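This one's a predicted model, so the numbers in the text were calculated from it and none came from an experiment. All values below come from the heavy atoms of this structure, side chains included, with hydrogens, waters and symmetry mates left out.
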Amino acid sequence: MHEAQSGKVESRSSKQHPAFERIVLVLQGGGALGSYQAGVYQALAEANLHPDWVAGISIGAINAALIAGNPPERRVERLREFWEAVSTPPLGVPHLPSARIPNDLMRNFINQTRALGIMLFGAPHFFRPRIPPPSVWPADALDKLSYYDIAPLKATLERLVDFDRINVGTPRFSVGAVSVKTGNFTYFENTSSRITPAHVMASGALPPGFPAVEVGGEYYWDGGIVSNTPLLWVLDSRPRLDTLAFQVDLWSAQGPHPSNLAETEVREKEIRFSSRTRAATNQYKRAQRLRIAFANLLEKLPAGLEGDPDVKMLAAEADHKVCNIVHLIYRRKAYEGTSMDFEFSRRTMEDHWKSGYDDAVRSLDHPEVLQPPDEREGVRTLDFSLDNP
């Protein structure tokens, strides 16, 4: 088994702890692609970069719970247990290693066949077909209006996640969901709520595959319907701190023009679920530069203006905080099609895990990742993926 997939963490870092007030791990939604995030986390753990805040949407919420709900020395092991459980080969048939598949065309065929099996029979320990089907349930049974039953996920979370540990409050934990009734986006946090499996499941309840999940008398769907990344929520939160943020995306906003209808469907899904991470990052970068400019300007104002309403408003927003945002983005392979977010085969899971691990190791080899930007710069964005050397 590849070192990056063993579930054991061996420190490979002699790096000094970064000079930031907090480390944040931000996890996008993306279904079966989520093992990429597990690989990223293994590399961070080996580098002794343990997050002070973990925030996620959908499968990112599940990975976030597995991280926050376990002690640092067991997190990679628990992530591995989850991803091996949900990618268990059907009928115990061993999977064919990627190296033994002759070409991309055959790999695509095998992946699509496995995805069809997931559609028909579900993913072990995650979801199963709803029996009887949703058409026979009463119209008001909102928690039954889905093609799949996610009771197996609840049992898996209860087995692998210590929710008492999450509710201690360290690390900070946030997952996003959308109210079915109001359409409003909500973040459930261990700083303000007692987190349960329902909060995590609500964040990943993407209709019509998965049912709405009741939390506090209200029903919620997958947060990815509105925003598939919690990046801005994290960066705009108070109090503002010098932050090293690892933004782990499972959908790339950038990609080639499609050449057929199948590629068109994949490209549309990538754009829809990438949630314009780059635009959000640029928006935050500009806002933080303004805050720094406000802070510098306030220091130059004549005495006696402190009580002016406009000055007080600027002072409430001003600060000198800086931030590194490290982008880690999964880039789909040529053989991956529109089913890649529900193709839970063991072979593909391991490939995604290794990709995340390798991308994170490559990024951490650049010393500027751990070095705060100049205050005049305010926010530095870094992407050391293969597509952006």
Q. Do Ile325 and Tyr284 come close enough that some side-chain heavy atom pair is under 4.5 Å?
A. yes
Q: Decide yes or no for Ser355 and Tyr330: does some side-chain heavy atom of the first lie under 4.5 Å from some side-chain heavy atom of the second?
A: yes
(Q) Is a donor from one side chain sitting under 3.5 angstrom from an acceptor on the other, for Thr243 and Glu21? (A) no
Q.
Using 0.5 Å steps for rounding, measure from the OG1 atom of Thr348 to the CD1 atom of Ile110.
A. 9.5 Å
Q. Taking atom OG1 of Thr156 and atom CZ of Phe126, what is their separation to the nearest 0.5 Å?
A. 9.0 Å
Q.
Taking Thr196's backbone N and O only, do any of them form a donor-acceptor pair with His199's side chain (distance below 3.5 Å, no angle check)?
A. yes
Q: Hey, could you give me the OG1/CZ distance between Thr338 and Arg332, rounded to the nearest 0.5 Å?
A: 9.5 Å
**Q.** Taking every non-hydrogen atom, the tightest pair across Ser203 and Gly176
**A.** OG-O, 2.7 Å
Q) Ignoring hydrogens and geometry, is there a side-chain-to-backbone donor-acceptor pair from Asn108 to Tyr335 under 3.5 Å? A) yes
Q: Start with the C-alpha distance between Leu235 and Cys323, add both sets of side-chain angles, then the distance that settles side-chain contact (heavy atoms from CB on, under 4.5 Å), and finish with yes or no.
A: CA-CA 9 Å; Leu235 296 179; Cys323 178; 4.0 Å; yes
Q: Could you tell me whether the side chains of Glu343 and Ser339 share a donor-acceptor contact shorter than 3.5 Å?
A: no
Q | Which atom of Asn190 lies closest to which atom of Pro171, heavy atoms considered | A | ND2-O, 3.1 Å
Q) Taking side chain as C-beta onward, heavy atoms only, is His327 less than 4.5 Å from Thr281? A) yes
Q. Would you say the side-chain atoms of Glu218 and Ser179 include a donor-acceptor pair closer than 3.5 Å?
A. yes
Q: For side-chain contact (heavy atoms from CB on, under 4.5 Å), just list the numbers for Leu382 and Val369, CA-CA rounded to whole Å, side-chain angles, deciding distance to a tenth of an Å, and then say yes or no.
A: CA-CA 7 Å; Leu382 302 163; Val369 166; 4.0 Å; yes
Q. Between Ser237 (side chain) and Val234 (backbone), is there a donor-acceptor pair under 3.5 Å?
A. yes
Q: Determine the minimum heavy-atom distance between Gly204 and Phe210, stating which atoms define it.
A: O-CD1, 3.2 Å
Q. Where the side chain of Glu268 meets the backbone of Thr264, is there a donor-acceptor pair that is under 3.5 Å apart?
A. no
Q.
Is there a continuous path of hydrophobic side-chain contacts, each under 4.5 Å between heavy atoms, that joins Ile329 to Ile271?
A. no
Q: I would like to know whether His320 and Asp242 meet side-chain hydrogen bond (donor to acceptor under 3.5 Å, both in side chains); could you show each step before the answer?
A: CA-CA 9 Å; His320 288 97; Asp242 293 331; over 6 Å; no
Q. Are the charged groups of Asp351 and Arg347 less than 4.0 angstrom apart, N to O?
A. no
Q.
Between Asp164 and Arg194 (salt bridge meaning N to carboxylate O under 4.0 Å), is one present in this structure?
A. yes
Q.
One pair to check against side-chain contact (heavy atoms from CB on, under 4.5 Å): Thr170 and Arg165. What are the steps and the verdict?
A. CA-CA 8 Å; Thr170 305; Arg165 173 177 285 272; over 6 Å; no
Q: Determine whether His50 and Arg75 make a side-chain contact, defined as any pair of heavy atoms from C-beta on separated by less than 4.5 Å.
A: yes
Q. For residues Asp359 and Tyr36, is any side-chain donor paired with an opposing acceptor at under 3.5 Å?
A. yes
**Q.** ring pair (Phe, Tyr, Trp, His ring centres under 6.0 Å) assessment of Tyr220 paired with Phe188
**A.** CA-CA 11 Å; Tyr220 292 90; Phe188 301 118; 5.1 Å; yes
Q | Heavy-atom side-chain proximity of Val26 to Phe246 below 4.5 angstrom | A | no
Q | Atom pair CH2/CG of Trp53 and Leu25 - distance to nearest 0.5 Å | A | 12.0 Å
Q. Pick one: which of Leu328, Val361, Leu364 meets side chain to side chain contact (heavy atoms under 4.5 Å, CB included) with Leu44?
A. Leu364
Q.
Please evaluate residues Arg362 and Asp358 with respect to the criterion salt bridge (charged side-chain N to carboxylate O under 4.0 Å, His left out), reporting the C-alpha separation (whole Å), side-chain torsions for both, the decisive distance (0.1 Å), and the verdict.
A. CA-CA 6 Å; Arg362 184 185 309 110; Asp358 291 345; 5.8 Å; no
Q. Is a donor on one side and an acceptor on the other found under 3.5 Å between the side chain of Ser174 and the backbone of Ala55?
A. no
Q) Will you find, in the side chains of Arg130 and Ser146, an N or O donor that is under 3.5 Å from an N or O acceptor? A) yes
**Q.** Donor-acceptor pair, side chain of Asp52 and main chain of Ile23, under 3.5 angstrom
**A.** yes
**Q.** SB check Arg240 Glu317 (cutoff 4.0 Å)
**A.** yes
Q.
To the closest 0.5 Å, what do you measure between CH2 (Trp83) and CD1 (Ile62)?
A. 7.5 Å
(Q) Looking at Arg107 and Glu336, is any side-chain nitrogen of the basic one under 4.0 Å from a carboxylate oxygen of the acidic one? (A) no
Q) Is any side-chain heavy atom of Asn296 less than 4.5 Å from a side-chain heavy atom of Ile292? A) yes
Q | Pi-cation contact, Trp353 with Arg80 (under 6.0 Å, within 45°) | A | yes
Q) Distance-only, no hydrogens or angles: does the Asn63 side chain make a donor-acceptor pair with backbone N or O of Gly34 under 3.5 Å? A) yes
Q. So, the side chain of Asp149 versus the backbone of Ala151: is there a donor-acceptor pair under 3.5 Å, distance only?
A. yes
Q | Salt bridge present between Lys269 and Asp341 (N-O < 4.0 angstrom) | A | yes
Q: Identify the heavy atoms of Ala318 and Leu298 that sit nearest to each other, and give their distance.
A: CB-CD1, 3.8 Å
Q: Would you give the length of the straight line joining atom CH2 of Trp233 to atom CZ of Phe185, rounded to the nearest 0.5 angstrom?
A: 9.0 Å
Q) Is it true that the side chains of Arg346 and Ser87 contain a donor and an acceptor less than 3.5 Å apart? A) yes
Q) Tyr148 vs Phe127 aromatic rings, parallel, tilted or perpendicular, using cut-offs 30° and 60°? A) perpendicular
Q: Dump the intermediate steps for side-chain hydrogen bond (donor to acceptor under 3.5 Å, both in side chains) on Glu270 and Ser274, then the final yes or no.
A: CA-CA 6 Å; Glu270 284 184 319; Ser274 66; over 6 Å; no
Q) So, Asp319 and Arg289, do they make that salt bridge, N to O below 4.0 Å? A) no
Q: Could you tell me whether the side chain of Phe173 reaches within less than 4.5 Å of the side chain of Val200, counting heavy atoms only?
A: yes
Q: Taking only Lys NZ, Arg NE, NH1 and NH2, and the carboxylate oxygens of Asp or Glu, determine whether Arg376 and Asp374 approach each other closer than 4.0 Å.
A: yes
Q. Between Ile57 and Tyr187, is a side-chain contact (heavy atoms from CB on, under 4.5 Å) present by the stated rule, with each step listed?
A. CA-CA 10 Å; Ile57 303 288; Tyr187 277 99; 4.1 Å; yes
**Q.** Where Leu160 and Asn70 come nearest, the two heavy atoms and their spacing
**A.** O-ND2, 3.0 Å
(Q) Donor-acceptor pair, distance only, cut-off 3.5 Å: does the side chain of Ser227 make one with the backbone of Thr229? (A) yes
Q. Are any non-hydrogen side-chain atoms of Pro197 and Phe163 less than 4.5 angstrom apart?
A. yes
Q: Search all heavy atoms of Pro211 against all heavy atoms of Leu142 and return the closest pair with its distance.
A: CB-O, 4.3 Å
Q. Is the side chain of Gln28 donor-acceptor paired with the backbone N or O of Leu250 at a distance under 3.5 Å, no angle test?
A. yes
